[in-house]
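Here the structure is a predicted model, which means the values were calculated and not measured.
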Amino acid sequence: MATQAPTSRPTTGPRHARPSRFQGFFGSSGSSGRTKPPIPLRAIAVPVTLGILYGIWAPFIQRHGGPLNALQIALGLISGLALAGLVFVLMRLPTTIEPELRAAAFGVVAGMSVGFLHSLTYASVLRSSGIGLAVGGATAIAVFYYFHTREA
């Protein structure tokens, strides 16, 4: 009972496991043992929410009060997935990129999406483009202000 195999490590002090080669991908564990997610929740929740709302709104505009058909459902799915993907990529952009460029990217996506929604109402291309440019410009200015006031 009193015999024990000798250990190469001292038994006093904390034992540290060998770092995993996937630690950077799956997140690092803190002192509480909980792992930090590699992607923040807001970076997933915001694009998914915007994609769902956009995917519902586009066929609603396209059907003009008529019955819903398969092409309108496909329009909603494709446009919602496209917007969610673009917003996800924009939110994952590194903060090392200049705020002007990031703000312009957000403005382009916002203007493009609103211009497309307005074009579904059978408005002219010029009017849809004008509304898209106005929304895109206002969004770029607002996001530029946000990035410059939040930076350290």
Side-chain angles (χ1 to χ4, degrees), residues 13-152:
R15 295 182 72 185
H16 296 287
R18 191 174 122 214
S20 171
R21 61 182 166 171
F22 299 110
Q23 189 170 4
F25 182 75
F26 292 113
S28 60
S29 60
S31 61
S32 65
R34 295 174 52 190
T35 60
K36 181 181 175 188
I39 299 174
L41 181 62
R42 69 176 168 84
I44 296 173
V46 171
V48 167
T49 304
L50 287 176
I52 289 171
L53 291 175
Y54 195 83
I56 292 171
W57 197 352
F60 181 75
I61 292 173
Q62 179 65 32
R63 68 187 188 115
H64 298 289
L68 189 65
N69 60 26
L71 289 177
Q72 293 163 350
I73 292 173
L75 170 76
L77 287 173
I78 292 169
S79 60
L81 285 174
L83 182 71
L86 287 172
V87 172
F88 179 76
V89 168
L90 284 179
M91 291 189 73
R92 297 296 295 163
L93 280 177
T95 57
T96 57
I97 296 176
E98 297 87 19
E100 296 85 5
L101 184 61
R102 289 178 71 199
F106 273 100
V108 166
V109 169
M112 180 180 61
S113 61
V114 170
F116 174 71
L117 281 181
H118 190 70
S119 73
L120 293 178
T121 64
Y122 297 124
S124 70
V125 174
L126 187 61
R127 183 172 177 171
S128 297
S129 300
I131 288 177
L133 282 173
V135 169
T139 302
I141 291 170
V143 171
F144 177 75
Y145 174 77
Y146 175 80
F147 285 149
H148 271 283
T149 56
R150 300 297 190 267
E151 284 186 356

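- Side-chain contact between Thr139 and Val114 is absent, with no heavy-atom pair separated by less than 4.5 Å.
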As a quick check of understanding, evaluate side-chain contact (heavy atoms from CB on, under 4.5 Å) for Leu93 and Leu101, giving each step before the final call.
CA-CA 11 Å; Leu93 280 177; Leu101 184 61; over 6 Å; no

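- Ile44 contributes atom CD1, which lies 11.0 Å from atom OG1 of Thr49 (distance to the nearest 0.5 angstrom).
- Here CD1 of Ile61 is found 12.5 Å from CD1 of Ile56. Values are rounded to the nearest 0.5 Å.
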Between Tyr146 and Phe106, does the side-chain contact (heavy atoms from CB on, under 4.5 Å) criterion hold? Intermediate values first, please.
CA-CA 12 Å; Tyr146 175 80; Phe106 273 100; over 6 Å; no

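- No donor-acceptor pair under 3.5 Å is formed between the side chain of Tyr54 and the backbone N or O of Ala84.
- Heavy atoms of other residues, nucleotides or ligands lying less than 6.0 angstrom from CZ of Arg92 number more than 12.
- For the pair Leu83 and Ser113, the tightest heavy-atom approach, listed with the atom from each and the gap, is CD1-CB, 3.9 Å.
- Contact check for Tyr145 versus Ile141: no side-chain heavy atoms found under the 4.5 Å cut-off.
- The local environment of CG in Leu126 is sparse, with at most 12 non-hydrogen atoms from other residues, nucleotides or ligands closer than 6.0 Å.
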Between Leu86 and Met112, is a side-chain contact (heavy atoms from CB on, under 4.5 Å) present by the stated rule, with each step listed?
CA-CA 11 Å; Leu86 287 172; Met112 180 180 61; 3.6 Å; yes

Derivation of the side-chain contact (heavy atoms from CB on, under 4.5 Å) call for Arg102 and Val143:
CA-CA 8 Å; Arg102 289 178 71 199; Val143 171; 5.8 Å; no

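- The shortest distance between side-chain heavy atoms of Tyr122 and Gln62 falls below 4.5 Å.
- Atom CG of Leu117 and atom CD1 of Ile131 lie 11.0 Å apart (nearest 0.5 Å).
- Using a 4.5 Å heavy-atom threshold, the side chains of Phe60 and Gln72 count as separate.
- In this structure, the side chains of Ile73 and Pro59 stay at 4.5 Å or more apart for every pair of heavy atoms.
- Minimum heavy-atom separation, His64 to Leu120: NE2-O, 3.4 Å.
- Atom CH2 in Trp57 sits 12.0 Å away from atom OG in Ser79 (nearest 0.5 Å).
- In terms of modelled atom types and a separation under 3.5 Å, the side chain of Thr121 and the main chain of His118 share a donor-acceptor contact.
- Taking each heavy atom of Ala110 and Val135 in turn, the nearest pair found is O-CG1, 4.1 Å.
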